[in-house]
Every structure is written in structure tokens, then in C-alpha cells.
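One structure is given here, and the rest of the page talks about it.
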Protein chains: 2
Amino acid sequence: MVNQASESTQESPSDMPAEISGLRMTRQRWEVYRLLLEQRDHPTANDVFMRVKDRLPNISLATVYNCLEALVQHGAIRQVNFERESSRFCPNLEEHGHFHDKRSGTIHDVTFKPGVQLADVLELPPGTLITDIEITLRGELPTAHS
Amino acid sequence: MVNQASESTQESPSDMPAEISGLRMTRQRWEVYRLLLEQRDHPTANDVFMRVKDRLPNISLATVYNCLEALVQHGAIRQVNFERESSRFCPNLEEHGHFHDKRSGTIHDVTFKPGVQLADVLELPPGTLITDIEITLRGELPTAHS
DNA sequence: AGCTTGTTCAAGAATAATTCCAATTTTCAT
DNA sequence: ATGAAAATTGGAATTATTCTTGAACAAGCT
Ligand SMILES: [Mn+2]
Ligand SMILES: [Mn+2]
Ligand SMILES: [Zn+2]
Ligand SMILES: [Zn+2]
């Protein structure tokens, strides 16, 4: 009588690629990735979990963590940390930093001015190999009426 | 017969100031602070706990966390985060970033080249107020023989 | 010195983000 | 279809950090 396991097998959307950056795509990975592309507000794993339930009601939080980790490790998205808060996730693969606006609580991507290389403005021993850079800013964006 | 509670009251070292940056000094806070000044390798709270036991055998990990938090909040030291690892602590109050050398696992302070202001090289809306900056690099320092 | 009051400390419990685990389900290649 | 490999799930475990509570302490006052 109870409709048990009736939605266990889910059909793949027609626009789902077989893989992204060498990572085999699954329905869950695809929906997580798609959500990040469409809602670029740097959600946490739990945010993603709650949002993606619309499309995958049976997905588990562990799977969301698994998907995010797989996407990060294959370079399809980036993991962003603010202090000790929950990690956030960002699909912008350009080199960029993050500005946390205290007033609104929102997080914004920040790029370098054209031509600037961070390594050029830092005091580093010649020959230093930089593999990863993280820039985080906190402050207040200007208000519209000022 | 057992020397019980004999070291309960600890005398303050003669070089301990009454306060630092407006924070009332205590024996525990002083020893934690002094250790950070003397061993500038960006230790974790647990590192500090283990090291400071030499001088304060009865200190608790909770107290180390309390001392570090008090020192951070009064601007006497800085809290540094790498990804999701344990926080580390740094007594260098100059504006600087951190370079994590993958080869040795060590962490090094990195300053800007003279005259460079980070805000100058970033694309930010005019009027943006920056209150806090965090720069983290990962990579490999050049080897001596190369 | 004794009393009062606010602060700090220690020990252990609680919290919360994340990771791990074992069992099932799905996918992929034969 | 069959078997192997990989992914998903729900729940337990982990771990850095925070919280709680009572004892110890420091400072100010009489
Ligand atoms: Mn959120
Ligand atoms: Mn350590
Ligand atoms: Zn971003
Ligand atoms: Zn530092």
C-alpha cells in the first residue's frame, strides 16, 4: 500500500553531461553543480542541501558533502572559508578573492585590477612557487544614497 | 605528605605588565602571550597548551583558548586560519599574509612590497570600507641548492 | 584584616561542522 | 543479464571549539 522506493531510480536530465573536468557526472553531482552555477551567493553545504531538495527530495547531507568535495577536487568549483565559519562554495574559476559585506552579510567576488599579479606585489624569495592563493576581505560596501 | 595544592598561588613574574592593549594581564595570559612572541611559528591552541605546560603545569586547554581569545579580541595577537585546519596564532601585528610551504609544512609571514596597498590593486566599488584583510598562499619555497 | 563583588580558572559537558562507516543502490563494462 | 566498481544513504563518530559551573582569585572598601 505504501508507495515504497517508487522514486528510487531517477532519470538523468537531457542536459546533463557525462562528465565535468574528468569527474563522472551523476544526477546528484549535476544538480549540486547546476545549483551553484545558478545561485552564485556562495552557499554553505547545508544551504545547498536544503535548496537541492526541491529537485532531489531523497538526497542526503553526506551526499551533498561528497558531491561538493568531488567537484572541488576536480577543479569544477572552489571552496571558500571565512574565519571558522562553515565552508562556502563558488563556481567562479577565475582568480578572485571574496569580500564579505558586514552590513548585508553578502559575499562578493573581487578581482584584481587588469594587469596586476598578486605575486608581483608581495615580498617573496625569488623562485617561490605559488600554487594557491586565498584573499578574504571584510568591510562595508558603500550605500546607494551617499 | 603529598605536596598538595602547594603551587596553587603563582607569583607574577617581575616582567609581567599590568595590562596589554587594555587587557588586564594574568599569569596565564602573560605566559601564553610570551610564548607566542618567542616561538613565532604560528602554533595552534593545542600547540600552545602543550608548550606552556612547562611554565604552568596546571593550565587547562580551556584556559589557553580563553587567553588566546582575549588576546585576539584586544588586538594583541592575530588568529590565522588555513582552510579548515585548527586556528593558528601570530603576534605579528604588521599587515601581512601567510605562506604555507608544502615541503616543510612551515608557515611564513609575507609582507607587501614597499608602497603597495592591497586596496589599490583590487577592483572594488569606490567608497568601499575595508576593515580586515586575510591573505593566504600555499606553495613551495625555493630549495637552497637550486 | 575582613567583606564584597567582579573576574578568571579548571574540568568536563555540549556543540556543530565535517568525516567516516556499513549497507544498499546505481552504473559501467563485459 | 552478470559481476565489479563507484556512488549514495542514514546514522555514528570525530574534532576543534565553546559553554557551564563552581572554586579560586583580585581589587576596592571599611
Ligand atoms: Mn546560509
Ligand atoms: Mn601543531
Ligand atoms: Zn567566489
Ligand atoms: Zn603571521
Side-chain angles (χ1 to χ4, degrees), chain A residues 4-13 16-20 22-33 42-50 52-53 55-74 76 79-89, chain B residues 4-13 16-20 22-33 42-50 52-53 55-74 76 79-89:
Chain A
Q4 56 180 15
S6 57
E7 71 277 352
S8 66
T9 298
Q10 303 212 334
E11 203 173 337
S12 298
M16 181 180 112
E19 57 176 52
I20 289 182
L23 174 67
R24 178 205 298 175
M25 217 22 57
T26 65
R27 181 80 203 278
Q28 286 83 346
R29 287 173 182 165
W30 174 242
E31 294 297 349
V32 166
Y33 180 60
H42 302 86
T44 65
N46 198 57
D47 291 337
V48 172
F49 177 51
M50 293 185 302
V52 84
K53 276 177 176 169
R55 287 169 170 277
L56 299 172
N58 298 323
I59 197 170
S60 73
L61 180 56
T63 296
V64 171
Y65 272 102
N66 287 342
C67 291
L68 291 169
E69 181 186 15
L71 289 164
V72 167
Q73 286 185 339
H74 286 256
Q79 180 168 357
V80 179
N81 295 300
F82 285 84
E83 315 265 307
R84 304 248 91 217
E85 295 172 11
S86 306
S87 288
R88 297 175 174 277
F89 297 88
Chain B
Q4 56 179 16
S6 56
E7 71 277 347
S8 65
T9 297
Q10 303 216 336
E11 203 173 338
S12 299
M16 183 180 111
E19 56 177 53
I20 289 181
L23 175 67
R24 181 201 299 171
M25 218 21 58
T26 65
R27 181 80 203 278
Q28 285 83 349
R29 287 173 183 166
W30 175 242
E31 294 297 349
V32 166
Y33 180 61
H42 302 86
T44 64
N46 198 57
D47 291 337
V48 172
F49 175 52
M50 292 185 303
V52 84
K53 276 177 175 168
R55 288 170 170 276
L56 298 172
N58 298 322
I59 197 169
S60 73
L61 179 57
T63 295
V64 171
Y65 271 104
N66 287 341
C67 291
L68 291 169
E69 181 186 16
L71 289 164
V72 167
Q73 285 186 339
H74 286 256
Q79 180 168 354
V80 178
N81 295 300
F82 285 84
E83 315 265 304
R84 304 250 90 216
E85 296 174 11
S86 305
S87 288
R88 297 175 174 276
F89 297 88

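Lettering follows sequence order; numbering is per chain, from 1.
Distance A:Arg29 CZ to C:dT25 C1': 14 Å, rounded to the nearest Å. If you measure from atom CD of A:Glu83 to atom P of D:dT17, you get 12 Å, rounded to the nearest angstrom. Distance CZ (B:Arg24) to P (D:dC25): 15 Å, rounded to an integer number of Å. In this entry the distance linking CG of B:Leu23 with P of D:dA26 reads 15 Å, nearest Å. Between the P atom of D:dT8 and the CG atom of A:Leu68 lies a distance of 12 Å, rounded to the nearest Å. In this structure, B:Met16 atom CE and D:dA26 atom P are separated by 9 Å, rounded to whole Å. With rounding to whole Å, B:Arg27 atom CZ is found 13 Å from D:dC25 atom P. Protein atom CE of B:Met25 is 17 Å distant from nucleotide atom C1' of D:dA27, rounded to whole Å.
Proximity of B:Leu71 to B:Glu69: side-chain heavy atoms (C-beta onward) are nowhere separated by under 4.5 Å. Residues B:Asp47 and B:Phe89 form no side-chain contact, since every pair of their non-hydrogen atoms from C-beta on lies 4.5 Å or further apart.
Here A:Met25 contributes atom CE and A:Met16 contributes atom CE; the two are 7.0 Å apart, rounded to the nearest 0.5 Å. Between the CZ atom in A:Arg27 and the CD1 atom in A:Ile59 there is a gap of 9.5 Å [rounded to 0.5 Å]. One distance of note links CD of B:Gln79 with NE2 of B:His42; it measures 12.5 Å at 0.5 Å rounding.
For the OP1/OP2 pair of C:dT26 and a distance below 4.0 Å, the side-chain nitrogens and oxygens of A:Gln28 include no atom meeting the criterion.
Shown here are the side chain to side chain contact (heavy atoms under 4.5 Å, CB included) partners of B:Ser86, two or more places apart in sequence or in another chain: B:Thr44.
B:Thr26 comes within 4.0 angstrom of the backbone, heavy atoms only, and of no base.
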Quick one: what's the B/S/- string for nucleotides 11-23 of chain C, heavy-atom cutoff under 4.0 Å, read 5' to 3'? BB----SSBB---

